[in-house]
Amino acid sequence: MASHVVLTSGAKLWRSLPCLTSELRLDLTLACGQSFRWRETAEGHWTGVMGGRVWTLTQTDDRLWYHVYTNQKKRRGRENRAEEQPEGVPNVEEEAPAVTDEQQSTMEAEMLREYFQLHVKMEDLCRHWGAADRHFKNTADVFTGVRMLRQDPTECLFSFICTSNNHISRIQGMVERLCQALGVPLCQLDQTPYHDFPTLSALADSSVEARLRDLGFGYRARYLQQSAKMILDTHGSQWIEGLRRVPYLEAREALRTLPGVGAKVADCVCLMSLDKPEAVPVDTHVWQIAKRDYKYAADNGQKSLTDKLYKDIGDFFRKLWGPYAGWGQSVLFCADLKKFQNLKEMGHVKQPKKEKETHKRCKKTKKDFDGNKIKTESEYRKKAKISVKKESTL
DNA sequence: CGTGGACCTGACCC
DNA sequence: CGGGTCAGGTCCA
């Protein structure tokens with residue numbers, strides 16, 4: 001049976017492209033809640049599905065290494081997988097045209113450059129933002145290499161419908177079950193099956209709501225099915241992709257007409273899949289960041305994130321950072337996640353022992369590796385103050 | 001325009 | 001083990 005590859009055993013299986021870790025950190029970028037499809041399958045090795053293929057990625061100081069697995073061939077006509085493969089689902093990579101390894105590799109490298117948007121120079125953006133924004137600089141100095149992915153719009157939309165009033169560890173499991181239940185199987189590696197993300201038609205089927213409720217999606221089950229159906233019925237299968245070519249606000253409002261898609265989810269989809277780098281998703285984290293680190297609306301005492309407040313906070317960051325404000329937001333968002341707090345405290349001091357412990361933990365818990373957990377709100381504030389103090393002394 | 005609740009579920013804490 | 005709280009929100013009154 002096929003298994004996950006690692007770089008140390010079999011360099012022949014790998015290809016690479018130039019990419020500095022200052023531009024891309026796989027661990028931060030793939031586990032900060034943009035995409036829910038990547039898992040650390042071996043230390044520093046991330047396996048997931050992108051563009052209908054299964055990849056393992058890893059990196060060295062100046063290169064990004066990748067391996068693409070061969071999809072299992074579907075035997076036509078004699079598969080009893082009717083349950084898993086709704087009709088009308090195209091079989092990815094079927095009858096692959098004859099291409100040389102070289103051509104194949106060139107194409108794969110190009111897919112990666114697009115997925116990670118390597119043409120955008122994060123280092124330049126961060127230097128620019130850091131010059132005018134002290135708090136950003138202090139955070140970005142530790143959280144370098146957090147990039148915005150350019151995800152498939154359908155996957156992004158339906159994944160983020162799952163995020164409402166939810167947490168990352170559960171969302172990951174839900175998205176995995178969603179793909180397993182409704183997506184085309186691609187291959188299996190060490191007992192782990194990999195599936196493509198479901199198509200719109202698979203999601204729109206009337207049986208989907210009940211099915212997903214059984215899989216623990218709660219009230220989101222209806223949103224997923226209804227949104228898919230609404231898109232197909234009133235706009236057509238290419239509609240979401242088409243939103244890449246319309247202005248930000250227009251795309252955002254279009255998305256908001258879908259059930260389960262509010263301001264936050266719409267902005268996530270705009271930023272992470274529709275080429276709208278100015279979109280700033282404002283969630284509880286970003287609201288906290290705005291108040292705590294930017295003294296935004298100091299003690300205005302707002303209870304909830306109203307539409308107006310949402311827009312004002314977004315405008316605030318857009319004014320501060322400019323047209324790529326969404327990319328800036330993602331750096332601070334990532335730095336605010338519980339699971340990455342340990343990175344901050346290590347700061348510039350080298351603590352190899354601690355790092356080892358963290359890695360162990362990642363493997364053991366495998367689903368949810370929290371670094372130093374913050375138990376209560378007050379403890380959270382304490383930490384925030386500490387980090388502010390550190391910053392002021394720098 | 002702003003507020004208060006309901007909403008599924010399970011991870012995490014005590 | 002049982003009970004509360006909370007999570008990258010959205011929708012409705």
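No experiment lies behind these values; they were computed from the predicted model shown. Protein chains get the first letters and strands the later ones, always in sequence-line order, with residue 1 at the start of each. Computed from heavy atoms alone, side chains included, the values below leave out hydrogens, waters and symmetry copies.
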Which nucleotide in the set B:dT3, B:dG10, C:dG9 lies at the smallest distance from any side-chain heavy atom of A:Arg170? B:dG10
Write down the distance between [atom1] ([X]) and [atom2] ([N]), rounded to a whole number of angstrom.
| X | N | atom1 | atom2 | answer |
| --- | --- | --- | --- | --- |
| A:Phe333 | C:dG8 | CZ | P | 7 Å |
| A:Asn166 | C:dC6 | CG | C1' | 11 Å |
| A:Met174 | B:dG10 | CE | P | 10 Å |
| A:Ile161 | C:dG8 | CD1 | P | 18 Å |
| A:Gln329 | C:dG8 | CD | C1' | 9 Å |
| A:Ile171 | C:dG9 | CD1 | C1' | 10 Å |
| A:His167 | B:dC13 | NE2 | C1' | 13 Å |

Listing for DNA chain B: consecutive Watson-Crick or G-U pair runs of at least 3, distance cutoff 3.5 Å, ranges ordered by first number, gives B:3-7 with C:9-13, B:9-14 with C:2-7
B:dG10 to C:dC11 separation - C1' atoms, rounded to the nearest Å: 23 Å
Rounded to whole angstrom, note down the P distance from C:dG8 over to B:dG5. 23 Å
Is there a donor in the side chain of A:Asp190 and an acceptor in the side chain of A:Thr192, or the other way round, less than 3.5 Å apart? no
Verify the distance criterion only: is there a donor paired with an acceptor across the side chains of A:Trp65 and A:Thr60 at less than 3.5 Å? yes
Check step by step if ring pair (Phe, Tyr, Trp, His ring centres under 6.0 Å) holds for A:Tyr194 and A:Tyr69. CA-CA 11 Å; A:Tyr194 288 88; A:Tyr69 300 88; 7.4 Å; no
Counting the atoms with a prime plus P, OP1 and OP2 as sugar-phosphate, which does [X] contact under 4.0 Å by heavy atoms, base, sugar-phosphate, or nothing?
| X | result |
| --- | --- |
| A:Ile168 | base |
| A:Cys32 | base |
| A:Arg220 | base |
| A:Gly216 | sugar-phosphate |
| A:Phe160 | nothing |

Are the side chains of A:Ser330 and A:Val146 in touch, meaning some heavy atoms are under 4.5 Å apart? yes
In Å and rounded to the nearest 0.5 Å, what is the CD1 to CZ distance from A:Ile161 to A:Arg222? 12.5 Å
Polar pairs (N or O, both sides) under 3.5 Å between protein and nucleotides 10-13 of chain C?
residue	atom	partner	partner atom	Å
C:dT10	OP1	A:Gly262	N	3.0
C:dT10	OP1	A:Gly262	O	3.4
C:dT10	OP1	A:Val265	N	2.8
C:dT10	OP2	A:Lys264	N	3.4
C:dC11	OP1	A:Gly260	N	2.9

May I ask you to decide if the ring planes of A:Tyr219 and A:Tyr223 are parallel, tilted or perpendicular, using 30° and 60° as cut-offs? perpendicular
Ring centroids only, cut at 6.0 angstrom: are A:Tyr324 and A:His128 within range, meaning strictly under it? no
